[in-house]
Amino acid sequence: MKTRGIVNATRRLIGARKLGSNALTAKAEEEARHILTQALVWIERSKEKPAADQAAEDNRRSIAEAVQILQKTLLEEAAGH
């Protein structure tokens, strides 16, 4: 897995919220939740096996960071920000 999809989903969600379109925001939130679910499953599975090399470990860390940002972005709207 790569961070690209997670980062793009985060950006689309932020952009949709800025536009103020309920339809776009709903679609972006749905996509973000789907990608978040996939990423969390990937993270859990990756914990089961050791990283092949430093690049693989760096990738895991990057994905975990992107997931945290996406989770925070999803929660911001739920908190009313």
- [ ] Each residue besides L24 in its hydrophobic cluster should be listed here, by chain and number; the cluster joins Ile, Leu, Val, Met, Phe, Trp and Tyr at side-chain heavy-atom distances under 4.5 Å.
- [x]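 For the cluster that includes L24, the remaining residues are L19.
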
Using 0.5 Å steps for rounding, measure from the [atom1] atom of [X] to the [atom2] atom of [Y].
X: L40; Y: I35; atom1: CG; atom2: CD1; value: 12.0 Å
X: L13; Y: R11; atom1: CG; atom2: CZ; value: 13.0 Å
X: R17; Y: N22; atom1: CZ; atom2: CG; value: 11.5 Å
X: T73; Y: L36; atom1: OG1; atom2: CG; value: 10.5 Å
X: W42; Y: K47; atom1: CH2; atom2: NZ; value: 11.0 Å
X: I14; Y: L70; atom1: CD1; atom2: CG; value: 9.0 Å

TODO: Could you pull out the closest heavy-atom pair between A32 and A9, with the gap in Å?
DONE: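 Between these two residues, the closest heavy atoms are CA-CB, 4.2 Å.
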
Open item on the list: Tell me the closest heavy-atom pair linking S46 and I43, and the distance in Å.
Closed with: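 Heavy-atom minimum between the residues: OG-O, 2.9 Å.
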
Task: Side chain proximity check, K72 to L75, heavy atoms < 4.5 angstrom - done: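 Not touching, per the 4.5 Å side-chain cut-off.
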
Task: Short side-chain to backbone donor-acceptor contact, T3 and A66, under 3.5 Å - done: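 Absent.
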
Open item on the list: Between N59 (side chain only) and M1 (backbone N and O only), is there a donor and an acceptor less than 3.5 Å apart?
Closed with: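 Answer holds: yes.
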
Open item on the list: Looking at E57 and R60, is any side-chain nitrogen of the basic one under 4.0 Å from a carboxylate oxygen of the acidic one?
Closed with: yes

TODO: Any chance you could lay out the side-chain hydrogen bond (donor to acceptor under 3.5 Å, both in side chains) test for H34 and E30, step after step, and finish with the verdict?
DONE: CA-CA 6 Å; H34 175 71; E30 181 182 338; over 6 Å; no

